[in-house]
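Here is the structure we will look at.
Values below: all heavy atoms of this structure, side chains included; hydrogens, waters and symmetry mates excluded. A, B, ... follow the sequence lines: proteins, then strands. Residue 1 opens every chain.
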Amino acid sequence: MLAKLFGGTHRKNRVYDFHGGVHPPENKQQSNGTAIQPGPLPARLILPLNMHIGAPAKPLVAPGDKVLKGQMIAEPVGAVSAAIHAPTSGTVSAIGPRPIQHPSGMDAICIVIDSDGEDRWVDHQGIADYTELSPGELVDTIRQAGIAGMGGAGFPTSIKVNLGDHQRVEQLIINAVECEPYITADDRLMRERAADIVAGIHILQYLLNPRRTLIGIEDNKPEAISAIKRACKGCDIEVRVVPTKYPSGGEKQLIQLLTGKEVASGQLPAQVGVVCQNVGTAFAIQRAVCHGEPLLSRITTLTGDAVAQPGNYETLLGTPVADLLQHGGVHSQQLGRLVMGGPMMGFTLHNPAVPVVKTTNCIIAASPQELPEPPPEQPCIRCGSCAEACPANLLPQQLYWHAKNDDLDKALHHNLMDCIECGACAYVCPSHIPLVQYYRYAKGEVRQRAADQVKADKARQRFEARQARIEQEQAEKEARRQARLEANRKKKEAGAAAPTGPSAEQAAALKQASLEASKAYKAAVKAAKTAEAQGDDNAADLKAEAERLKAVADKAKAAVRDAKADAPAVAAPADDAVASLKKQVGDASSAYKAAVKAAKDAEASGADDAGDLRARAEALKATADRLKAELRDAKANAPTTPAAPQTDPVAELKKQVGDASSAYKSAVKAAKEAEAQGADNAAELRAEADRLKAVADQLKADLRDAKANAPAPAKAAPAGKAPPADSPKVPESDAPQSVAGVDPEQAAKRQKRLKALKTAYNMAHKQYKDAHAALERAERHEELSADEFNAMQQKVDKLKGKADVARDALDALVEEAKADIRAHTGKDLKTLKLEAARAESALADKQQELAQRRDSAAEETLEALEAELKALETEAHIARKALKQAVEEQGLVEE
Amino acid sequence: MSLISSTSPHTTGKTDTGAFMRQVLYATLPGLAVLTWQFGWGSVINVLWAVLVALLSEAAILKARGRPLGFYLKDYSAVVTAVLLGLALPPTAPWWLTLIGVSFAIIVAKQLYGGLGMNPFNPAMVGYVLLLISFPAAMTRWIAPGQTPEPAQSWQLFLGQAGVDGFSGATPLDTFRTWAGNASELSGHAILHGQFAGLGWEWVNLAFLLGGLYLLARRIITWQIPAAFLLGVAVPALIASLVDPVRFAGPLFHLFSGGTMLGAFFIATDPVTAATSRLGRFIYALLIGVLIWVIRSFGGYPDAVAFSVLLLNLCAPFIDYYTQPRTYGHRKANRGVGS
Ligand code: SF4
Ligand code: SF4
């Protein structure tokens, strides 16, 4: 006897306690005396697509469709969702917004079924022996049956019973507490259908394989307790009677009562090895698995002083509350307050047309005397009754104080978010303060603030990424400028002095550029990581950006190393400049494309930074264009073809300056507009404008430099240009005539050589790249000794040298081909390309204009625009063709 | 159908702030009875007069602040303040003393801070300290045990028409303070030797203890404050009196003298100005108790409930910050002021 008292069993069967709790009048006797009765068969059923927590189900029927009872009419979407079935046979009359029970009083999309009164079932069949199914198949059965937590929250059951192998379930807890006053649905269900419930629990046991299974029932339901105990006889389900106290049926409170465990703040019961299911859910699972009946109805308590026959009704989902009230005989003149759910946590209904859903356990039609108007709020006297009652062991009086003063930080410090909104505090408050209302408000504010914070973080990340990019661009530009200056200087000395390696100055500049680039890369990586950690959806974008920056940084590093390696060699620096420019052009245009895509996506999703992104894309495009132009310049200047004619770099620069300053001006305008509208990215736009200004200034400085240098170098070039007068005019005819005087044999030979050289170069370059990457990796991981490192570096340098030789040869050949084109067409390749590009961009502009004005402009304008577009299209086509032909004829391949 | 629309919970308990305060009033009755038995009708007159003054002051100020009279007077908080102050004043107090003290307590200490729930200091004690500092003589003239005045004499004292010299005498606390360290004098004063504590006062304190137990039973107050308060007084007293019984009075003497029980069950438990968490309240009251013993033993005033309570009122918000309970699902309680 003593051993039994103090021994293990005693401890094991212990019921723990939780802090606080209240004892409101139970008011259960009104409805628990009579057996469960069938509810009404209403003429019209309204089934909201989101009766559960999670994604709304997707309708499978259309208005006019005939449906049978039990037929699935909406399927789950994604993991957290639940199916919906027709609760009776009839016709789908509408799918659209209807009022539902929601605190905000908002309408929601519902499927409306006009019943035909026949209640005809679809073919259905239970599973004879569910143990033959794998747990996965069983979970799917539950999912297809549309079962969601029937206790209150309506969380899809298939998620809760599908934990995966790594989760060991210590305790499966069946919640039969039903602690809210008035409600007796679970009580009656247990009294009348205990065997089915236990069968359902066995299914849950099969799915979850818990170490122990506990049923928690409050001690105010002796009949239910004995019925369940009887049904559980001989199986491993333990019935635990808990003292009557509100809110012992709260999931966390019940877990504490039965296991002594606390679910850590912000976590799920599964994390402490507990799964909780409501008895009603267990019953529904049994119906679904053993009888093949999806969730079509539920037991709803109809009670309150205004009801003539209070009791429990097996109500079809979708039954309008008004129908149920009528069925139970409500005296509408006595009705003062209509509550869905219990009096402690339920919601008042503003409209009795709302439907009964999967979670509707109770409808209270109360007389005004029964649930009177709340008394006026008095000042808080800090009596502490609320703190004594709070099951979460909070200090409700402090929460109230901080919530009222909008001091969210302090409220959070007092663990506002751990409030379960049970209402125990408000129930006991002698000053009748609607405390829960304050907490809901404060929680809403907190959530709002968090959302705002996320938005601000995103903006900051964008800003930082842009800063990094700007720095990098500036560094690149500086390096390029240095290179250009150097090249110019070289050219000045070209005739007399033997070419020397790149100057120390240039190397330093390259180093600087490399440093900047890797800095930018690191910043971008950080931004991407933060974004990812916050589950930010532009994390991917940022990552891509980081990747790009990494490539740039690597390239810059390589350039530094090249410069070092090249120093003693007799290489032509301008060549390197060409190569690096080429790469830059590639990078810039891919960045531009990515930006355009991002902008489009953003636009499509209606993101508010779409404009911003668009502007960014424009800026990138300008950069790309500029770089292209520079590349052309540099190519033209390349010393391998000293005779190469050269468009005036000054003129080119002038154009760039013009472009840049107009970009700057438009950016300033955009920023001003944004400011005027109080847009929150005004500051960003302003920064962008400043950047553009810097670019423009830089270009101006370049221009000055160039002007100073201009008269000296290859000004003799124009002599090489073919006389323009007798040059064949290409663009006039649709099919440009073949360029005269090209020796096809020679072209073919060159084509062959070109191809061979290209392959050679590609191979060499690839080898070099791989070696270089290996070196980088090694460097990063510091896994090489100094000697090994040097050896490797040498290898890399050698490979690089090989690649360079190949490229030089290739370039020489290309230049030769270009010279031929020039000789034969009177235009150099560059001009052709420029023409084509211009035609192309004019075309694009027109297209855009047309797209923009499609909605607004008048018919004639549109027509005119369209005609213009057509003309431009032809022009572009011609230019493209001319270019292609020239290139092909020379055995060149357009890169 | 016009339905009530409200947020949950849709039902509330039966208690309300007025009922809460009324319970406190009932609980003071034994104490008031014993005071009257020991010191005559002065206390009853004080209390009634104080209530009248309090209601008038509260009404006047509510009117000036444009608040609804009935609604706020119904919370009985002004009455409680008045009764507690009336009980704390000497039964010899003339009418103007009470008038000044109570009106100051209501108008300045309570309403000017924003009314019920907003006042950081216990209004009754603010009134008491004001009077003690301004009129020290009038505030320390207690009636000697066994010299209970007739009702008519009490009335005359109230009207300020009779000299108090015939009745007044030192309280046990006073006497002990005067003769502390002098063994023969201490044993010679009868007032120090009642049944188990100071003569007369032991019964007064016992009566307030009784009322306090009633409040505990009705769950109007929780045990933390009175228990910690009494511990705070008794433990240092016990230790000190064991070390030097001639210089320091024993715990029983301290517990049942002066305002100890009134302070422990009625004054320090004022929820508005106390700390708010369980642990916070314990610490709050413990410090009040210790402070009372310290001032009684070493300070310049014979009793120190008012000073100690006000001092700890000052500390209450701070205590609150460091005594939050551990919330469900958290491994540790949050401490400090937060961000
Ligand atoms: S129960 Fe009401 S009056 Fe008492 S402390 Fe809490 S909020 Fe204030
Ligand atoms: S509503 Fe929140 S603060 Fe109030 S008792 Fe429940 S959990 Fe505690």
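Residue contact with chain A, scored on non-hydrogen atoms closer than 4.5 Å, is absent for R219(B). For T222(B), the part sitting under 4.5 Å from any heavy atom of chain A is the side chain, from C-beta outward, and nothing else. Contact of A333(B) with chain A is not made at all, since no heavy-atom distance falls under 4.5 Å. Heavy atoms closer than 4.5 Å to chain A are found nowhere in R331(B), neither backbone nor side chain.
For residues 264-272 of chain B, a heavy-atom distance under 4.5 Å to chain A picks out P271(B), V272(B), given by residue number. Among residues 121-129 of chain B, no residue has any heavy atom closer than 4.5 Å to a heavy atom of chain A. Scanning residues 381-389 of chain A against chain B with a 4.5 Å non-hydrogen threshold yields I381(A), R382(A), C383(A), G384(A), S385(A), E388(A), sorted by number. Within residues 9-23 of chain B, the residues having any heavy atom less than 4.5 Å from a heavy atom of chain A are, in residue-number order, P9(B), H10(B), T11(B), T12(B), G13(B), T15(B), D16(B), T17(B), F20(B), M21(B).
Side chains of Y441(A) and D406(A): a donor-acceptor N/O pair is present below 3.5 angstrom, by distance only. Using modelled atom types and a 3.5 Å distance limit, the side chains of H330(B) and D418(A) yield a donor-acceptor pair. No side-chain donor from either of S367(A) and Q334(A) sits under 3.5 Å from a side-chain acceptor of the other. For the residue pair Y246(A) and E26(A), no side-chain donor N or O sits within less than 3.5 Å of a side-chain acceptor on the partner.
A cation-pi arrangement, defined by a distance under 6.0 Å to the six-membered ring centre and an angle within 45 degrees of its axis, is present between K245(A) and F18(A).
Looking only at heavy-atom pairs under 4.5 Å with chain B, the residue among C422(A), G423(A), A392(A) that has the most is A392(A).
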